[in-house]
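Only a predicted model underlies this, so the values are computations on that prediction, with no experimental measurement involved.
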Amino acid sequence: MSRKVEVVPHDPKWRDEFERESKQIALAVGDNLVAVHHIGSTSIPELDAKPIIDILVEVNDITKVDENSSGMETIGYQGMGEYGIPGRRYFRKHNQLGIRTHHVHMFEVNSPQVERHLAFRDYMIAHPKDAHKYGEIKRELAKKYPYNIEAYMDGKDGFIKEMDRKAAEWRRELRIKN
């Protein structure tokens, strides 16, 4: 069965949902936890998004995540291993109706992936014109590929890579100024 690709207007309640879920995740991860971040489109004000909360979790030791994935399972997550990104541990959660509600991306502290995700988020917040363009691309792709998540993701790939490049450059410039 294919999932419907749905892009909806930004919902301010997504922040509250992140806060609630991050507390449960912190308890599940325990003393391996370094930080929990709201990432992805739901973390960017006014940006249309798929209504799935993306969460980035930094841990001290990624191997401990593998040893203790039962903590995440207890709060409703399905572990998917690296799921295409070396060094990541990916978890997903669905509601009672089987609708995807959360993605959790765990990385070891100081992973370049952590910096990339946070830079992308912060860049989009600081550059609303680029965020608006991203929202337009996502809406168009969701209309064009309503039941093809792979084509939807492929359609965003070039724009995301360009924004990643701009975000990294922007982040470097901010560090130089400070």
Side-chain angles (χ1 to χ4, degrees), residues 1-118 120-122 124-125 134-135 138 141-142 145-154 156 160:
M1 186 176 109
S2 60
R3 290 188 299 133
K4 179 154 176 48
V5 178
E6 181 182 25
V7 174
V8 302
H10 185 84
D11 186 341
K13 293 178 187 168
W14 289 336
R15 179 78 191 161
D16 297 334
E17 178 56 29
F18 161 76
E19 292 294 337
R20 272 192 301 280
E21 198 68 18
S22 67
K23 290 173 185 164
Q24 288 186 17
I25 291 167
L27 291 172
V29 173
D31 63 1
N32 194 23
L33 181 74
V34 174
V36 182
H37 308 277
H38 190 185
I39 61 166
S41 296
T42 61
S43 70
I44 301 166
E46 306 305 318
L47 179 61
D48 293 355
K50 293 191 319 298
I52 301 170
I53 309 298
D54 278 290
I55 300 170
L56 186 146
V57 177
E58 291 182 83
V59 296
N60 285 309
D61 184 348
I62 202 72
T63 62
K64 287 185 180 177
V65 173
D66 298 331
E67 296 165 6
N68 188 26
S69 63
S70 61
M72 290 295 286
E73 291 166 9
T74 300
I75 60 171
Y77 284 90
Q78 175 187 19
M80 304 297 292
E82 287 186 329
Y83 207 66
I85 299 178
R88 172 177 75 168
R89 296 304 179 271
Y90 173 70
F91 296 85
R92 61 188 184 192
K93 186 176 189 176
H94 299 81
N95 67 16
Q96 300 86 340
L97 301 174
I99 297 168
R100 180 94 39 93
T101 59
H102 298 81
H103 296 150
V104 173
H105 313 265
M106 290 192 190
F107 293 99
E108 213 162 76
V109 68
N110 296 323
S111 163
Q113 290 290 337
V114 172
E115 174 66 17
R116 183 181 72 80
H117 282 288
L118 297 179
F120 182 90
R121 179 200 63 196
D122 295 347
M124 291 303 236
I125 290 170
Y134 186 37
K138 289 163 32 132
L141 289 167
Y145 304 110
Y147 291 97
N148 188 339
I149 190 69
E150 289 81 17
Y152 170 83
M153 299 297 283
D154 288 347
K156 299 186 317 177
I160 290 172

query = Which residues pass the ring pair (Phe, Tyr, Trp, His ring centres under 6.0 Å) test with His38, sequence neighbours left out?
reply = Phe18
key: Residues that His10 engages under ring pair (Phe, Tyr, Trp, His ring centres under 6.0 Å), provided they are two or more places apart   = Trp14
Can you tell me how far the [atom1] atom of [X] sits from the [atom2] atom of [Y], to the nearest 0.5 Å?
X: Ile149; Y: Asp154; atom1: CD1; atom2: CG; result: 10.0 Å
X: Ser69; Y: Phe91; atom1: OG; atom2: CZ; result: 5.5 Å
X: Lys4; Y: Tyr152; atom1: NZ; atom2: OH; result: 12.0 Å
X: His102; Y: Asp54; atom1: NE2; atom2: CG; result: 10.0 Å
X: Ile44; Y: Asp122; atom1: CD1; atom2: CG; result: 9.0 Å
X: Ile53; Y: Ile39; atom1: CD1; atom2: CD1; result: 11.5 Å

task = Check the pair Arg20, Asp16 against side chain to side chain contact (heavy atoms under 4.5 Å, CB included), reporting the backbone distance first and the verdict last.
result = CA-CA 6 Å; Arg20 272 192 301 280; Asp16 297 334; 3.9 Å; yes
ask   = Partners of Asp66 by salt bridge (Lys or Arg N to Asp or Glu O under 4.0 Å), sequence neighbours excluded?
value = Arg89
inquiry  = Students often mix this up, so state it plainly: with edges at 30° and 60°, are the rings of Tyr90 and His103 parallel, tilted or perpendicular?
reply    = tilted
request  = Evaluate whether atom CG of Asp31 has more than 12 neighbouring non-hydrogen atoms of other residues, nucleotides or ligands under 6.0 angstrom away.
outcome  = no
ask   = Within a radius of less than 6.0 Å around NZ of Lys156, do more than 12 heavy atoms belonging to other residues, nucleotides or ligands occur?
value = yes
Worked verdict on Val104 versus Met72 for side chain to side chain contact (heavy atoms under 4.5 Å, CB included) = CA-CA 10 Å; Val104 173; Met72 290 295 286; 4.1 Å; yes
request  = In sequence, state the C-alpha distance, the side-chain angles, and the governing distance for Asn148 and Val5, and then conclude on side chain to side chain contact (heavy atoms under 4.5 Å, CB included).
outcome  = CA-CA 7 Å; Asn148 188 339; Val5 178; over 6 Å; no
ask   = Does Met124 reach the side chain of Leu47, with side-chain heavy atoms less than 4.5 Å apart?
value = no
ask   = With a 4.5 Å limit on heavy-atom distance, are the side chains of His37 and Glu58 in contact?
value = yes
query = Is the backbone of Gly135 close enough, under 3.5 Å, to the side chain of Asp48 for a donor and an acceptor to pair up by distance?
reply = no
inquiry  = Using a 3.5 Å distance criterion without hydrogens, assess whether the side chain of Lys93 forms a donor-acceptor pair with backbone atoms of Ile75.
reply    = yes
Nearest non-hydrogen partners of Asn68 and Ala28, listed with the distance = ND2-O, 3.7 Å
inquiry  = Looking at every heavy atom in both Ser43 and Ile125, which two are closest together, and how far apart are they?
reply    = O-CD1, 3.9 Å
Check residues 77-86 and write down every donor-acceptor pair under 3.5 Å in which the side-chain atom is one partner and the other belongs to a residue at least two apart or another chain.
unit_1 : atom_1 : unit_2 : atom_2 : d
Tyr77  : OH     : Glu21  : OE2    : 2.8
Gln78  : OE1    : Arg92  : NE     : 3.0
Gln78  : OE1    : Arg92  : NH2    : 3.4
Glu82  : OE2    : Gly87  : N      : 2.8

request  = List for me each residue that meets side chain to side chain contact (heavy atoms under 4.5 Å, CB included) alongside Glu19, sequence neighbours excluded, and say none if there are none.
outcome  = Arg15, Ser22
Which pairs of donor and acceptor atoms, one on a side chain in residues 106-115, lie under 3.5 Å apart (sequence neighbours left out)?
unit_1 : atom_1 : unit_2 : atom_2 : d
Glu108 : OE2    : Ile62  : N      : 2.8
Ser111 : OG     : Gln113 : N      : 3.1
Gln113 : OE1    : Arg116 : NE     : 3.0
Gln113 : OE1    : Arg116 : NH2    : 3.0
Glu115 : OE1    : Arg175 : NH2    : 3.3
Glu115 : OE2    : Arg171 : NE     : 2.9
Glu115 : OE2    : Arg175 : NH2    : 3.2

